[in-house]
There are 2 protein chains.
Amino acid sequence: MKPTRKQEIIQVAASLFKEKGYSAVSMRDIAQAMDIKAASLYNHISGKQEILSTLILEVAKAFTNKMSAITLETLTPLQKIEKVIEIHIDITVNYSENIATLNNDWMHLEGDDLERVVKMREDYEENFRSIIKQGVAQGDIKPQHPEVILFSILSTLRTLYLWNEKRGKMDVNVLKKDMVSVLIKGIA
Amino acid sequence: MKPTRKQEIIQVAASLFKEKGYSAVSMRDIAQAMDIKAASLYNHISGKQEILSTLILEVAKAFTNKMSAITLETLTPLQKIEKVIEIHIDITVNYSENIATLNNDWMHLEGDDLERVVKMREDYEENFRSIIKQGVAQGDIKPQHPEVILFSILSTLRTLYLWNEKRGKMDVNVLKKDMVSVLIKGIA
DNA sequence: TTACAAAACTAACGATTGTTAGTTGAAATT
DNA sequence: AATTTCAACTAACAATCGTTAGTTTTGTAA
């Protein structure tokens, strides 16, 4: 599908946001990257804030939906974690700029959008925490503090976007296998 | 030791930078947080950029020094990784604002400072990579791609600052033990 | 060819940015 | 008591910010 002009603007902005952060990118920067004047952007979008919230909500919804789907499946906790790792890799490959902005610039959202995204992240983490706790309860996962496990895995997954370029020729499925192995079975 | 006025400014700025990012914090914001006017800041510092570079170089040096010290010790690769995890936790506990700024705003450094910090990070990563490769070579570490291992561990350690507040009453030494266990031996 | 809509333009606005200059009062030193 | 240093102040600067209004160009359909 050919992207609309609005989608083009958002994509170009995403790339700049990833590079320098939302606050350091001006509307004139975005316009220049598209070879038009800043005022022309307003024929397609309502303002800078709309770019930010569109960008973030798109990927935040993707994570939330996939995660709650996994929660409902009938799998062992370890299988669910495996799936969480895989969907993170899938989404990162397709939305790496959006993830950068979600991670680094969510606090610049305003009004309801801010509340909504914070809520989605909390729900996401709570779902993940439940899976881990269940795994510990039934002995599949070592009796470490669930918070340490949650944080260790989630940190790696959330910052995968930083590493996505260097990934280079590495196949996505190989990456999935390796990350599942490292994160679940360790390195020793 | 009582901090100098300059150190106070840098600390207050660090806290604001952690919260909203370097570009979203104005000199007037910093001044207001100190109950003085923006122009008064210039009696103590040369500009906003000096705050940033002081903040970042301080913690970047700490990491670089500790890492190269570990490289020289006579330990097994796994023992060295254990030490790397521990020094990350130690530095994070003491410099959590600096780490936030290093992670998120290093690209706003200018001139030599930028080059220097990028170089330090590359050296750091290269040292870490060497330890991992040696561990794989002598069979202590599973034959995964070293890059995946490096990235997984480093992502967790680098974003530990985000989680430091929630850590709450958890003892630092317990945290060290747990993280070493999770990162090296896995969770299953 | 004309009519219309889409998407660009110029020009400007009020606000905010980092920073400088010059001044003032208080504290420390001579 | 006189002097110097420190650290705050007011006022202002040029530049840049997001955004608006009004106009012109471009492409498409009748």
Side-chain angles (χ1 to χ4, degrees), chain A residues 1-57 97 101 104-114, chain B residues 1-57 97 101 104-114:
Chain A
M1 288 298 175
K2 198 178 111 200
T4 66
R5 201 71 174 127
K6 179 171 177 172
Q7 288 171 327
E8 284 184 315
I9 291 171
I10 290 172
Q11 188 196 325
V12 165
S15 170
L16 292 173
F17 291 169
K18 180 182 181 183
E19 200 184 327
K20 308 200 297 172
Y22 175 74
S23 302
V25 174
S26 71
M27 295 300 279
R28 286 167 178 83
D29 290 334
I30 299 170
Q32 193 171 42
M34 301 199 65
D35 261 314
I36 60 177
K37 300 291 175 182
S40 306
L41 296 170
Y42 290 81
N43 285 317
H44 308 281
I45 49 140
S46 67
K48 197 184 179 188
Q49 182 70 204
E50 188 195 354
I51 300 178
L52 183 68
S53 65
T54 303
L55 216 48
I56 289 182
L57 279 170
E97 280 94 5
T101 303
N104 301 321
D105 290 313
W106 61 268
M107 74 288 284
H108 299 118
L109 286 170
E110 296 169 0
D112 290 342
D113 290 331
L114 176 57
Chain B
M1 290 299 177
K2 197 177 111 201
T4 66
R5 201 75 175 126
K6 178 170 178 174
Q7 288 170 326
E8 285 184 314
I9 291 172
I10 290 172
Q11 188 196 325
V12 165
S15 171
L16 293 173
F17 291 170
K18 180 183 180 182
E19 199 184 327
K20 309 201 295 172
Y22 175 75
S23 302
V25 174
S26 70
M27 295 300 278
R28 286 166 179 84
D29 291 334
I30 299 169
Q32 193 171 44
M34 300 200 65
D35 261 314
I36 59 176
K37 300 292 174 182
S40 306
L41 296 170
Y42 290 81
N43 285 319
H44 309 280
I45 48 140
S46 68
K48 197 183 179 188
Q49 182 70 204
E50 189 195 353
I51 301 179
L52 183 68
S53 66
T54 303
L55 216 49
I56 288 181
L57 279 171
E97 281 93 5
T101 303
N104 301 321
D105 291 312
W106 60 268
M107 75 288 284
H108 299 118
L109 287 170
E110 296 169 0
D112 291 341
D113 290 330
L114 176 58

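Residue numbers begin at 1 in each chain, while the letters A, B, ... track the order of the sequences. For the numbers below, each heavy atom of this structure counts, side chains included, while hydrogens, waters and symmetry mates do not.
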How many angstroms lie between atom CG of B/Leu16 and atom CE of B/Met34, to the nearest 0.5 angstrom? 10.5 Å
Indicate the atoms forming the closest heavy-atom contact of A/Met27 with A/Gly47, along with that distance. CE-C, 4.3 Å
Using whole Å, what does the distance between atom P of nucleotide C/dG14 and atom CE of A/Met27 come to? 20 Å
Have A/Ser26 and A/Asp29 got a donor and an acceptor in their side chains that come within less than 3.5 Å? yes
In whole Å, what is the span from the CE atom of A/Met34 to the P atom of C/dA7? 11 Å
Taken to the nearest whole Å, CD/B/Gln32 to P/C/dG18 is 13 Å
Under a 4.0 Å heavy-atom cut-off, which of residues 4-25 of chain A touch DNA chain C? A/Arg5
The side-chain contact (heavy atoms from CB on, under 4.5 Å) partner of A/Glu97 among A/Glu19, A/Gln11, A/Lys18 is A/Lys18
Whole-Å gap separating C1' (D/dG18) and CZ (A/Arg28): 7 Å
With a 4.0 Å limit, can you tell me whether B/Ser26 has a side-chain N or O closer than that to the phosphate oxygens OP1/OP2 of C/dT16? no
Which is it for A/Gln49 and A/Leu109 under the side chain to side chain contact (heavy atoms under 4.5 Å, CB included) test, yes or no, and what are the steps along the way? CA-CA 7 Å; A/Gln49 182 70 204; A/Leu109 286 170; 4.0 Å; yes
Give, for atom CD1 of A/Ile36 and atom CD1 of A/Ile9, the distance between the pair rounded to the nearest 0.5 Å. 5.5 Å
Nearest-0.5 Å distance, CG of residue A/Asn104 to CZ of residue A/Phe17: 12.0 Å
B/Asp29 CG to C/dT19 P: how many Å, rounded? 14 Å
Return yes when atom CD of B/Gln32 has more than 12 non-hydrogen atoms of other residues, nucleotides or ligands closer than 6.0 Å, and no otherwise. no
Within residues 35-47 of chain A, the residues having a heavy atom closer than 4.0 Å to DNA chain C are A/Ile36, A/Lys37, A/Ala39, A/Ser40, A/Asn43, A/His44
Spacing of B/His108 atom NE2 relative to C/dT17 atom P, expressed in whole Å: 15 Å
Roughly how far, to the nearest 0.5 Å, is CG of A/Asn43 from NZ of A/Lys6? 12.5 Å
Can you tell me how far P of D/dA8 sits from CD1 of B/Ile30, to the nearest Å? 14 Å
